Amino acid sequence: MSILKELELDLLKIIENAGYKEDQLSLEPSNRRDLGEYQLNDAMQLVKIYHQNPREIAEKIVKELEKDDRFTKINIAGPGFINFSLSDQYTYEFLNKMNQDIQANIDQKGPRKIVIDYGGANVAKALHVGHLRSANIGEALKRLAKLLGCEALGDAHLGDYGRPLGLVIKEIKEEFPDLPFFDKNYTGDYSEVELPITNADLERIYPLASAKAKEDEDYLEEARNLTSKFQNHEKGIYELWKRIIEISKSDIKKMYDELNTSFEIWNGESDEMAYFDQLLKIYEEQGLIEESEGAIVIPIAKEEDTYTIPPLMMIRSNGIKSYDATDLAAILERKENYNPDEIWYVVDNRQSLHFEQVFRAARLVNLIDKKVNLEHIDFGTMNGKDGKPFKTRDGGVMTLKDLIQLVYSETYKKITNESIMEEEKPLIAKQVAIAAIKYADLLPYRGTDYVFEVEKFTDLEGKTGPYLLYSTIRMRSLLTKADGISANQITKLKGLTEKEIALILLNLPSIIEKSFDTKSLNDISEYLYKLTSAYNKFYSENRILTEEDTELKESWIVLTNIVYRVNLLLLDILGITIPEKM
Ligand code: ARG
């Protein structure tokens with residue numbers, strides 16, 4: 001159990017000893033530090049249950065608090081708010097406990113198994129900034145869930161099943177009509193056929209095909225047919241489709257690697273669709289399938305709906321199995337293969353209706369146990385200064401590669417440390433760029449849109465990734481220099497700044513819990529900044545390594561070590577790597 005939880009339970013016991021029973025403590029860090037470090041508001045809450053004067057209740061609680069030497073400066077303010085501070089001795093004690101094991105000071109949430117769907121990159125198409133947020137938020141939530149004792153499995157859920165692939169195949173057919181994949185009479189081994197196409201070609205082909213399809217109805221029609229053909233495993237087209245996936249997948253993996261994002265499960269929509277027939281049968285048997293203008297749908301509207309929920313599309317009138325169906329099939333697949341307690345979908349908020357449809361359809365037939373939590377963890381968009389989703393200068397979709405490049409050129413320019421050699425710069429600039437992007441992306445509550453500002457995100461000052469990296473590296477270098485000094489315990493601290501750091505550290509488990517409950521990284525991101533800037537204030541106020549009072553010096557080194565390790569832990573949750581130097 002975390003030290004904070006222990007303290008809270010003890011406070012509940014103290015209140016009980018005063019004669020009042022409660023399950024929920026109302027404790028807050030005080031914003032009037034002159035009155036005390038914490039404010040206990042329970043006397044005010046208890047009035048409603050015990051119908052006594054709040055001051056009277058507060059006085060009784062204070063009497064009990066005074067018996068406990070962990071608390072000092074106990075006083076009552078206003079009608080019955082209790083203020084108190086933590087004694088020095090207790091402060092040293094909990095810091096030393098934290099120093100022994102930081103992880104042990106984090107309350108566990110497991111065991112539970114969570115499949116997190118946060119990839120969604122589309123095969124044969126470049127990743128764009130929308131995929132960036134899924135990757136950042138999803139990867140961080142996965143790391144957080146693991147830290148809290150859950151078994152968390154990331155699923156890449158690649159988009160490999162829809163019309164874009166049909167378009168790509170159509171364009172390949174235009175450019176290379178003689179490939180054996182298009183020859184019905186070919187009897188050879190497709191795996192021996194050479195395909196003269198690289199990933200860069202694919203990224204050129206898709207936009208071209210999509211533009212052609214807009215102009216040319218026949219072209220589009222054939223792309224649709226080809227989509228239906230690979231979906232139905234038609235000889236030749238199916239093999240070509242598989243080869244395209246192979247080419248594209250290795251590039252997608254590289255891209256996710258750059259973002260420190262990795263998946264335990266590398267499924268594509270097509271793997272989920274292996275369950276389609278089984279899925280369709282379940283709905284058919286219960287009479288829940290309808291035909292509507294040539295399409296096969298599952299009606300899901302309810303009488304009490306206040307807005308229109310269109311039926312879930314299974315097969316379109318043109319024979320193509322729909323995007324809705326892929327997510328419904330995925331539920332079945334995940335139940336069979338992983339039997340999770342929860343499935344989280346980290347996908348932008350424009351897909352809310354889609355997930356509502358999928359979840360409703362799933363619940364209609366208990367496709368997965370009622371107890372299993374299906375949750376759309378939605379997020380807002382990264383916008384340009386015009387308030388619209390971030391685009392390239394000429395208004396095109398910003399690819400992730402271009403975005404990283406944009407930030408990289410800025411972080412590269414900002415490397416001023418002369419001890420960094422020319423050949424070391426690219427890696428460092430890349431790591432700092434990724435930190436800048438990730439931190440800026442995780443800092444606002446996930447539901448809010450935010451504006452992309454390369455200057456601001458890469459600044460060495462303020463709430464930025466580079467600031468956190470720089471500060472953490474400085475802590476590390478201090479610890480390296482202090483290597484010969486034996487520092488094991490905190491026995492003495494001097495000023496208010498150190499106390500501030502201690503209180504921030506004590507609060508760590510509550511921040512982590514809050515992030516997990518809201519499934520948003522903003523609290524952890526804000527906390528990192530708060531802790532780091534408190535530490536930097538302390539750093540600038542003192543000369544740690546040349547301090548003459550050895551007891552104080554050793555305590556300061558231990559304090560630095562704790563802050564450093566908390567930073568490492570939290571930066572790692574955010575998926576941020578710390579460069580060797582900066
Ligand atoms: N491939 C989709 C897209 O790029 C995102 C997939 C999101 N995840 C899901 N399970 N539907 O829009």
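Only a predicted model underlies this, so the values are computations on that prediction, with no experimental measurement involved. We count ligands from 1, going down the list as the structure has it; atoms in each ligand are counted the same way.
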Please determine if G159 has a nitrogen or oxygen closer than 3.5 Å to a nitrogen or oxygen of ligand 1. no

Using distance alone, determine whether Y323 and ligand 1 share an N or O pair under 3.5 Å.
yes

*asked:* Below the 3.5 angstrom mark, is there an N/O of Y345, backbone or side chain, next to an N/O of ligand 1?
replied: no

Between K281 and E284 (salt bridge meaning N to carboxylate O under 4.0 Å), is one present in this structure? no

Q.
Is it the case that the ring center of Y439 lies less than 6.0 angstrom away from the ring center of Y529?
A. no

With heavy atoms and a 4.0 Å threshold, my read on which part of F355 contacts ligand 1 is side chain

query: Under 4.0 Å between a Lys/Arg side-chain N and an Asp/Glu carboxylate O for D402 and R393?
result: no

Check this for me: does any side-chain nitrogen of one of K254 and E258 sit under 4.0 Å from a carboxylate oxygen of the other?
no

Ligand 1 to Q351, heavy atom cutoff 4.0 Å, flagged ligand atoms 12 (O)

If you scan protein heavy atoms around atom 2 (C) of ligand 1, the nearest is G120 O, 3.6 Å

Hey, is ligand 1 close enough to D327 that some N/O pair sits below 3.5 Å? yes

Ion pair K242/E246, N-O distance below 4.0 Å = no

Contact region, N122 to ligand 1, non-hydrogen atoms below 4.0 Å, reads side chain

So that I can tick it off, tell me whether R143 and D572 are bridged by a salt bridge, with the cut-off set at under 4.0 angstrom between side-chain N and carboxylate O. yes

